[in-house]
Amino acid sequence: MTATMVSTMENTDYARLLEETADLMEIAGEDGFRIRSYRTAAAAVEGFLERVDDVLKDPTRKVTEIPGVGKGIAFALEEIHRRGSFERRDEMLEKYPPTALELLKIQGLGPKSIRAILEAYRVSTIDGLERLCKEHKLQLLPRMGAKLEEKVLRSIASYRKRAGRFLLDFATRTAEELITYLGAGEAAGSVRRGRETVGDLDLLVSGGDAAAMLDHFVKHPRVSEVLGHGENKASVKIGVEGLQVDLRTLPSESYGAAMQYFTGSKNHNVALRTRAVKMGLTLNEYGLYRVSDEVCVASATEADIYQALGLPWIPPELREGQGEMEAAERGELPRLIEGSDIRGDLHMHTTETDGRASLEEMAEAAHSRGYEYVAITDHSKALAMANGLDEARVVAFARQVRERNQAGLPVRVFSGLECDIRRDGAMDIENDALAELDVVVASVHSYMNMEPAEMTDRLLRALECPHVKILGHPTGRVLLHRDSFPFDFEAVAIAAAKNGVAMEINASPERLDIHATLIRIAKAKGCRFVISTDAHHPKHLGNMRYGVLTARRGWLEASDVINTRGAADLLSTLA
DNA sequence: ACCCGGTGGGGTGAAAGCTCATAAGCTTT
């Protein structure tokens with residue numbers, strides 16, 4: 001690795017190297033506690049508020065001050081800083097090629113199976129694995145059979161389908177990093193529209209010295225490949241992840257037209273151009289022109305273009321060709337919710353279960369975001385792996401929260417619980433204990449492959465529990481990883497509306513659940529909503545922005561979302 | 001490998017259920 005790489009290691013890069021080493025050690029069948037140490041350290045490094053680079057460079061500091069980083073991992077971090085890798089990782093990569101890590105992403109195969117496949121067939125790629133399945137060689141190995149071969153083939157198909165897409169937060173952070181680096185620019189495309197996953201990143205910049213801007217762009221330290229570099233545009237791949245980023249430089253007089261064009265969506269642009277044609281105009285990425293004399297009518301700003309087409313400016317989140325044009329025509333665009341409308345966060349975890357920080361730390365982080373309140377909603381006992389709360393701990397927790405609020409906390413803290421919905425739709429915690437809490441989020445975490453009708457009944461029963469106030473991540477999807485479990489969403493939305501249970505818009509970038517289309521369906525059925533981060537670390541509270549984007553994509557206004565209300569109002573709403 | 005607490009060593013998140021196969025691996029946050 002080059003010296004330039006060393007100077008640009010982010011905490012996430014250190015964490016990724018530790019994490020992938022842990023994965024390889026798992027395939028190698030090494031000691032579980034040692035593997036966990038690597039994973040703990042990776043999480044600690046990722047969550048560390050300062051840059052590891054800065055600590056390493058400072059002779060008065062030691063990385064061992066990061067809890068979970070001891071002598072061994074401190075040594076590894078220094079080595080990564082110096083040369084981009086460390087000895088243990090190199091050893092592992094000699095035994096198992098890096099493509100083996102990709103195999104871990106195939107559902108149904110874990111480290112043990114992968115090790116068996118590697119040792120029996122020396123196969124370490126997805127293509128090779130596919131071949132083994134098709135030739136029925138996987139079932140020759142112990143504890144593997146025909147069913148597994150089919151499952152693996154299905155997993156490979158869905159893995160390929162999502163390959164090359166990236167989570168919105170990764171794309172957004174990359175965009176912001178590049179814009180800061182360039183000192184100018186704006187993201188267009190699906191990032192600007194707030195889509196939950198994106199294929200590539202379009203950056204636009206106007207004015208200034210275009211050639212110098214593009215030269216500077218392709219030299220960014222995280223650029224791993226330059227795909228093209230012309231007069232007005234450069235394309236690069238960023239990092240090991242390989243996100244493609246296009247930077248276009250534009251004259252300021254056509255900036256609005258380009259922004260409109262590159263923001264899309266395709267469906268929205270088709271509708272907009274159709275409208276232009278009907279008005280004797282033609283719209284392209286350079287501007288809006290009269291057909292008769294080719295005179296440019298608008299081009300400098302998006303608002304100019306929409307206005308010339310007789311429309312108010314349409315927020316990017318609505319530009320999906322889903323009725324926004326008609327609503328704009330009628331002057332009925334929603335007044336979309338904004339980040340500043342949010343006054344609290346009603347779903348988060350602490351070290352009591354699988355979170356990484358204390359109640360006080362979460363409350364402090366909420367305070368510094370300007371919130372009035374939070375609800376601490378740790379897991380219930382069905383999630384044993386996360387050390388979920390039983391009835392006694394729930395009751396004790398509720399009492400403790402009342403006392404701590406009295407004693408003074410940075411923000412008002414509501415006692416809550418993310419209560420598992422059991423297979424039969426019953427709550428995982430008895431009603432008496434639930435009654436002690438301010439807010440109960442009910443979530444499905446298990447048995448996600450039930451028949452749709454059975455799953456619907458399960459959710460409907462959960463919504464009948466009088467203590468349930470919020471349906472958490474209602475569809476269970478994990479982006480680029482797992483599809484929603486199937487059920488009758490409309491029936492559930494109707495029941496939620498009837499029982500006054502808010503639909504959660506889970507702002508975690510891995511979920512963004514429920515998605516925009518379902519939000520609109522639920523709103524039509526009379527549901528109200530809550531936007532929550534499901535934070536497991538203080539910094540996750542910052543994911544609220546993605547939840548707000550998703551709500552905006554679902555046409556929601558502040559009044560649709562209960563955590564835009566003040567604490568007292570919210571409590572009476574919940575009661 | 002880390003942490004604690006004490007110079008040698010022990011403990012380390014915490015099940016439960018499913019699938020596929022017949023004891024073990026994988027998934028769930």
Side-chain angles (χ1 to χ4, degrees), chain A residues 18-19 21-23 25-27 29-45 62-77 86-89 92 103-117 138-152 154-155 347-356 377-390 393 417-424 428 441 443-450 472-473 476-478 481-482 485 506 508 510-511 513 533-537 540:
Chain A
L18 293 175
E19 193 66 51
T21 305
D23 283 344
M25 286 162 68
E26 202 162 22
I27 292 171
E30 291 197 24
D31 173 55
F33 292 119
R34 179 175 294 181
I35 293 166
R36 190 193 296 155
S37 294
Y38 275 84
R39 296 204 196 280
T40 307
V45 162
K62 282 198 161 58
V63 279
T64 49
E65 69 186 66
I66 305 171
V69 174
K71 245 167 60 178
I73 287 178
F75 198 76
L77 292 176
F86 61 105
E87 197 179 339
R88 176 134 215 139
R89 175 169 176 269
M92 299 310 305
L103 298 183
L104 277 170
K105 294 186 178 156
I106 301 301
Q107 271 159 316
L109 286 187
K112 298 276 167 58
S113 308
I114 290 169
R115 184 184 183 188
I117 293 166
L138 210 60
Q139 57 176 291
L140 301 179
L141 296 176
R143 280 179 298 282
M144 298 189 201
K147 291 256 175 77
L148 183 68
E149 284 178 344
E150 284 166 32
K151 183 176 184 176
V152 168
R154 281 197 305 275
S155 301
H347 184 164
M348 67 190 65
H349 300 271
T350 68
T351 47
E352 192 68 25
T353 59
D354 60 353
R356 302 229 159 247
T377 54
D378 272 308
H379 289 289
S380 65
K381 62 180 186 289
L383 216 54
M385 192 183 173
N387 189 27
L389 278 63
D390 60 12
R393 283 172 69 201
L417 183 72
E418 184 180 16
C419 187
D420 259 60
I421 300 172
R422 294 202 301 238
R423 176 173 211 165
D424 61 359
D428 185 36
V441 181
S443 303
V444 166
H445 291 121
S446 57
Y447 317 110
M448 297 191 197
N449 53 359
M450 286 166 64
H473 45 70
R477 72 170 179 177
V478 178
H481 177 68
R482 182 177 73 208
F485 45 72
N506 189 293
S508 164
E510 286 80 31
R511 291 190 182 270
D513 181 10
T533 61
D534 199 354
H536 286 68
H537 186 284
H540 293 159

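Naming: A, B, ... by sequence-line order, numbering from 1 per chain. Just so we're clear, the structure is a prediction, and the values are computed from it rather than from any experiment.
Residues A/His473 and A/His445 place their aromatic rings such that the two centres sit under 6.0 Å apart.
Distances were taken from every side-chain heavy atom of A/Tyr447 (C-beta onward) to each of B/dT29, B/dC18, B/dT12; the shortest belongs to B/dC18. The side chain of A/His379 lies closest to B/dT29 when the candidates are B/dA14, B/dT29, B/dC18. Closest approach to the A/Arg423 side chain among B/dA1, B/dC18, B/dT29 is made by B/dC18 (side chain taken as heavy atoms from C-beta onward).
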Could you go through residues 140-148 of chain A and list every donor-acceptor pair under 3.5 Å that involves a side-chain atom there, pairing it with any protein atom two or more places apart or in another chain?
none

Would you tabulate the pairs of protein nitrogen or oxygen atoms and nucleotide nitrogen or oxygen atoms of nucleotides 23-27 of chain B closer than 3.5 angstrom?
residue, atom, partner, partner atom, Å
B/dG25, O3', A/Ser113, OG, 3.3
B/dC26, OP1, A/Gly110, N, 2.4
B/dC26, OP1, A/Gly110, O, 3.0
B/dC26, OP1, A/Ser113, N, 3.2
B/dC26, OP1, A/Ser113, OG, 2.6
B/dC26, O5', A/Gly110, N, 3.4
B/dT27, OP1, A/Gly108, N, 2.6

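At a threshold of 4.0 angstrom between heavy atoms, the contacts of A/Arg511 are confined to the sugar-phosphate backbone, with no base atom among them.
Shown here are the salt bridge (charged side-chain N to carboxylate O under 4.0 Å, His left out) partners of A/Arg115, two or more places apart in sequence or in another chain: A/Glu119. With sequence neighbours left out, A/Gln107 forms a side-chain hydrogen bond (donor to acceptor under 3.5 Å, both in side chains) with no residue at all. Looking at residues two or more places apart in sequence or on another chain, you find a side-chain hydrogen bond (donor to acceptor under 3.5 Å, both in side chains) between A/Lys381 and A/Glu391.
Between A/Glu26 and A/Arg36 there is no salt bridge, since no side-chain N of the basic residue sits under 4.0 Å from a carboxylate O of the acidic one.
Consecutive Watson-Crick or G-U pairs involving DNA chain B, each under 3.5 Å on both distances, make up stems of three or more pairs at B:1-4 with B:9-12, B:15-19 with B:24-28.
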